[in-house]
Protein chains: 2
Amino acid sequence: MEKLNNTLLYTIDKCFRSYHQFAQKNVKQAGYEITIDQWLILKSIHENPDFSQNDIGKILFKDNASITRIIQLLVKAGYLNRKEHPEDRRRVQLSLTPKGIKITEEVHLIALENRANALKDVNPEHLQELKQMLDQIIKNCTE
Amino acid sequence: MEKLNNTLLYTIDKCFRSYHQFAQKNVKQAGYEITIDQWLILKSIHENPDFSQNDIGKILFKDNASITRIIQLLVKAGYLNRKEHPEDRRRVQLSLTPKGIKITEEVHLIALENRANALKDVNPEHLQELKQMLDQIIKNCTE
DNA sequence: GGTCAATAGTTGATATATCAACTATATTTT
DNA sequence: AAAATATAGTTGATATATCAACTATTGACC
């Protein structure tokens, strides 16, 4: 049987895990009490103030149930406001609190450092190719 | 603020999720009652019969606590045997049952198909580069 | 206008991830 | 050999992932 470490899923999996752990550790060490997943949700709302939970789920590739629960924690932590959407009562309208904006932007700086460190000695010309290949794989897996 | 979809973690995250969901769906549709994570553990033991739980955790980049719990399910499902290690009573000795060997090998075939489909239209010459970049990122994040 | 289907989100059950605290055993040190 | 340290694994608490069943609301169709 073919060896584990030859399979692509294995390498992507490991890369994702190591990067995620690395990023989370650095956020924590900088003194922030937030998970990467929570931050990604805040960031997506910050960039797209009209987003529904559904929209967030789509761009982050998360299940709606996960979004619901993470958002509950973000509201509880004082980073996010939830209210009924004025035009569609099925939806909720999300907005960052000042505290939420602050942590989103501050953690973003750490995220930039993380990326720079993670990409050390990676040929920047190849980076675009890397992204294209990953996007092609995403496309193949979701069509 | 820089857009979400420019960040590398985001693309790797999304690629991992889409591939994982795609792979899991295909395993399920083929009629197998096993998760990808469980299969990866079976596969690592199949390839390395002397592995400790610790060893498995290291190559799969999983926490020992996760390994313990997944292995509990694998034993319960009849795929795996656990007994005390003859030379070190702290360790457990793991071995696949015939049923475990069967599913490991059968799901492997699906995994090969999954990979082929995921890599459709990805230049095979670039594939080696992709793996090298991912390995470099792993290295940067774990040193 | 009433019925049916689609959409937005929630909740329950179970699997996995993470960290910290813990037990048991083995190894090292002195 | 006793004490200190290291290693292997477990358990509790909490966060996230996944799927299915569910409620509420909106939109489409007739």
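Naming: A, B, ... by sequence-line order, numbering from 1 per chain.
Between A/E33 atom CD and D/dA15 atom P the separation is 10 Å, expressed in whole Å. Distance A/I70 CD1 to D/dT18 P: 11 Å, rounded to the nearest Å. To the nearest angstrom, P of D/dA15 lies 15 Å from CD1 of A/I71. Rounded to a whole Å, the CZ atom of A/R89 is 17 Å from the P atom of D/dT23. In this entry the distance linking CG of A/L73 with C1' of D/dA17 reads 14 Å, nearest Å. Remark: C1' of D/dA8 and NZ of B/K83 are 18 Å apart, rounded to the nearest angstrom. We find that CD of B/Q38 is positioned 11 Å from P of C/dA17, with the value rounded to whole Å. We find that CG of A/L40 is positioned 11 Å from P of D/dT16, with the value rounded to whole Å.
Taking the charged nitrogens against the carboxylate oxygens, B/D135 and B/K131 do have a contact shorter than 4.0 Å, which makes a salt bridge. Checked for salt-bridge contact, A/R17 and B/D37 meet the test: a charged N lies under 4.0 Å from a carboxylate O.
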Summarise protein proximity over nucleotides 1-11 of chain C in one line of letters, 5' to 3': B for base, S for sugar-phosphate only, - for none, counting protein heavy atoms closer than 4.0 Å. -----BBSSBB
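When atom types are taken as modelled, the side chain of A/W39 and the backbone of A/V107 share no donor-acceptor pair closer than 3.5 angstrom.
Applying a 4.0 Å cut-off to non-hydrogen atoms, none of the residues of residues 14-31 of chain A approaches DNA chain D.
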Evaluate the criterion side-chain hydrogen bond (donor to acceptor under 3.5 Å, both in side chains) for residue pair A/S66 and A/D63; output intermediate values, then yes/no. CA-CA 5 Å; A/S66 298; A/D63 193 274; 5.0 Å; no
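Heavy atoms from other residues, nucleotides or ligands lying under 6.0 Å from CD of B/Q29 number more than 12. Within a 6.0 Å radius of CD in A/E33, other residues, nucleotides and ligands contribute 12 heavy atoms or fewer.
A cation-pi arrangement is absent between B/K14 and A/F61, since the terminal nitrogen or guanidinium carbon is not both under 6.0 Å from the aromatic centre and inside a 45° cone about the axis.
Proximity of A/K62 to the phosphate of D/dT16: no side-chain N or O atom is located under 4.0 Å from OP1 or OP2.
The salt bridge (charged side-chain N to carboxylate O under 4.0 Å, His left out) check on B/E106 picks up B/K102, with sequence neighbours excluded.
Atom NZ in B/K83 sits 11.0 Å away from atom CG in B/L94 (nearest 0.5 Å).
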